[in-house]
Amino acid sequence: MTIEATQTEANRESASARSSAGGTIHPVWLRVTHWINAVAVVVMIGSGWEIYNASPLFPFSYPKAITIGGWLAGALLWHFAAMWLFVVNGLVYVALGLLTGRFRRKLLPIRPGEVVADMRAALKGQLSHDDLSVYNAVQKLLYLGVILAGVVVVLSGLAIWKPVQLQELTALFGGYEAARYVHFIAMAAIVGFLVIHVIMAFVVPKSLRAMIIGR
Ligand code: HEM
Ligand code: HEM
């Protein structure tokens, strides 16, 4: 009941927002930054795994077939090249998300009760995806969470890239070694998000269509 109530209210708000935007669910700037980000993140993960293989933190390595760069030096070049794409594109996305009010409108508020209710409904296959312009509470939590993981991966990445020049930042993470673990954990969180996210995009193909053509 509560799910229906909150969704109905959100639907009414989004319906008025949609009619003023000519039926567009995702504006162009969001779609462009989203897909640039998808490419950048895949390169960052693939090259990061190759870097990891040169000096593994844990008793496992990544199969060569799923890494990018071929060897350590090649992977570092890929990592630092895609880093610019990831950071500049990410800053544009976050700036526009804040300035246009999209984050406030689409990703907030997140109420714990709604997360639990929507999670239960999702696991029973009863969560509605009729109105793509409204995110359910689980989506909101995951999207805000992955944005946060993006911030952490950048800051910890900077800390291990320039540990001398940025020693205050590195110290904030508890030193170089600790920053490396933080960087790894943030990467793992993004990979975990990506697995669920991509599965859901294909389970609800019209959401994928909207992220490509806007509606
Ligand atoms: C501003 C952005 C970033 C910077 C400056 C950065 C920098 C670095 C540096 C310097 C290393 C080498 C660490 C070492 O020598 O052990 C590294 C490793 C790595 N990075 Fe990044 N990185 C960034 C973003 C990302 C992103 C977005 C991902 C993936 C989502 C990622 C995944 C990895 C992984 C998996 C490793 C190997 C972990 C390890 O063994 O230490 N990085 N990164
Ligand atoms: C190739 C893989 C990807 C596919 C197929 C994909 C697909 C989608 C789709 C279909 C949506 C709209 C979801 C909806 O209507 O509920 C979406 C939104 C979103 N995706 Fe992805 N995505 C991919 C990669 C990524 C990556 C790598 C990230 C971040 C690390 C990401 C972060 C997001 C975020 C934050 C949103 C919400 C954006 C907003 O409304 O402001 N996606 N994605």
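Order of listing sets the numbers, starting from 1, for every ligand and every atom in it. Index from 1, following the sequence.
A distance-only check finds no donor-acceptor pair linking the side chain of T24 to the backbone of H26 [under 3.5 Å]. With hydrogens and angles ignored, the 3.5 Å screen pairs a side-chain donor or acceptor of R31 with a backbone N or O of I212. At least one donor-acceptor pair closer than 3.5 Å links the side chain of T170 to the backbone N or O of A159. Of the possible polar contacts, one joining the W35 side chain to the M211 backbone as a donor-acceptor pair under 3.5 Å is found. In this structure, Q167 contributes its side chain and V164 its backbone to a donor-acceptor pair below 3.5 Å.
For ligand 1, the polar-atom distance check finds an N/O of Y176 within less than 3.5 Å of one of the ligand's N/O atoms. Geometrically, ligand 1 and R180 share a nitrogen or oxygen pair separated by less than 3.5 Å. Inclusion of H34 in the set of residues having an N or O under 3.5 Å from an N or O of ligand 2 is warranted.
Screening I110, L107, D118 for a side-chain contact (heavy atoms from CB on, under 4.5 Å) involving Y135 leaves a single residue, L107.
Those atoms of ligand 1 with a heavy atom of Y52 less than 4.0 angstrom away are 37 (C), 40 (O). For ligand 2 and V198, the ligand atoms under 4.0 Å from any heavy atom of the residue are 2 (C), 3 (C). For ligand 1, the atoms sitting less than 4.0 Å from at least one non-hydrogen atom of L158 are 5 (C), numbered in the order shown with element in parentheses. Close approach of ligand 2 to L194 is summarised as follows: ligand atoms under 4.0 Å from at least one heavy atom of the residue are 24 (C), 25 (C), 26 (C), 27 (C). The contact set between ligand 1 and M187, taken as ligand atoms under 4.0 Å from a residue heavy atom, comprises 29 (C), 32 (C), 35 (C). Annotation for ligand 2: atoms under 4.0 Å from non-hydrogen atoms of L208 are 5 (C), 10 (C). Annotation for ligand 1: atoms under 4.0 Å from non-hydrogen atoms of W161 are 10 (C). Of all the atoms in ligand 1, the ones that sit under 4.0 Å from a non-hydrogen atom of V87 are 1 (C).
Among all protein heavy atoms, the one lying closest to atom 36 (C) of ligand 1 is G48 O, 3.4 Å. Nearest protein heavy-atom contact of atom 12 (C) of ligand 1 is I51 CG2, 3.7 Å. Nearest protein neighbour of atom 30 (C) of ligand 2, counting heavy atoms only, is N37 ND2, 3.7 Å. The single protein non-hydrogen atom nearest to atom 5 (C) of ligand 2 is W35 CH2, 3.7 Å, given as residue, atom name and distance. Residue, atom and distance of the protein heavy atom nearest to atom 11 (C) of ligand 1 are I160 CD1, 3.7 Å. In terms of protein heavy-atom proximity, atom 2 (C) of ligand 1 is closest to M83 CG, 3.7 Å. The single protein non-hydrogen atom nearest to atom 15 (O) of ligand 2 is S207 CB, 3.6 Å, given as residue, atom name and distance. The closest protein non-hydrogen atom to atom 6 (C) of ligand 1 is G157 CA, 3.5 Å. V153 CG1, 3.5 Å is the protein heavy atom nearest to atom 27 (C) of ligand 1. Of all protein heavy atoms, the one closest to atom 28 (C) of ligand 1 is M44 CB, 3.7 Å.
Using a 3.5 Å distance cut-off with no hydrogens or angles, the side chains of Q139 and N136 do pair a donor with an acceptor.
The shortest side-chain heavy-atom distance between L108 and K140 does not fall under the 4.5 Å cut-off. Proximity of Y143 to K106: side-chain heavy atoms (C-beta onward) are nowhere separated by under 4.5 Å.
Around atom 18 (C) of ligand 2, the closest heavy atom drawn from Q139, M200, M211 belongs to M211. Among F103, Y93, Y143, the residue whose heavy atom lies nearest to atom 38 (C) of ligand 2 is Y93. The residue among F202, Y135, F86 with a heavy atom at the shortest distance from atom 14 (C) of ligand 2 is Y135.
Using a 4.0 Å heavy-atom cutoff, F193 is absent from the residues neighbouring ligand 1. At least one heavy atom of H197 sits under 4.0 Å from some atom of ligand 2.
Rounded to the nearest 0.5 angstrom, N37 CG and N89 CG are separated by 6.0 Å. Distance check, rounded to the nearest 0.5 Å: OG of S133 to CZ of R215 gives 14.5 Å. To the nearest 0.5 Å, the span separating CE on M83 from CH2 on W161 amounts to 3.5 Å.
In this structure, Y62 and F60 have perpendicular ring planes: the angle between them is above 60°, well past the 30° mark. The aromatic rings of Y52 and F184 sit tilted relative to each other, their planes meeting at an angle between 30° and 60°.
Between H79 atom NE2 and H183 atom NE2, the angle centred on atom 21 (Fe) of ligand 1 amounts to 170° (nearest 10°).
Taking the ring centroids of F103 and Y93, they lie under the 6.0 Å cut-off. Ring centers of H183 and F173: at least 6.0 Å apart, outside the cut-off.
For L30, every heavy-atom contact with ligand 2 shorter than 4.0 Å involves the side chain, none the backbone. Contacts between V41 and ligand 1 below 4.0 angstrom, taking non-hydrogen atoms only, are absent altogether.
V42 is not connected to V191 by any chain of hydrophobic side-chain contacts under 4.5 Å among Ile, Leu, Val, Met, Phe, Trp and Tyr, and they are in different clusters.
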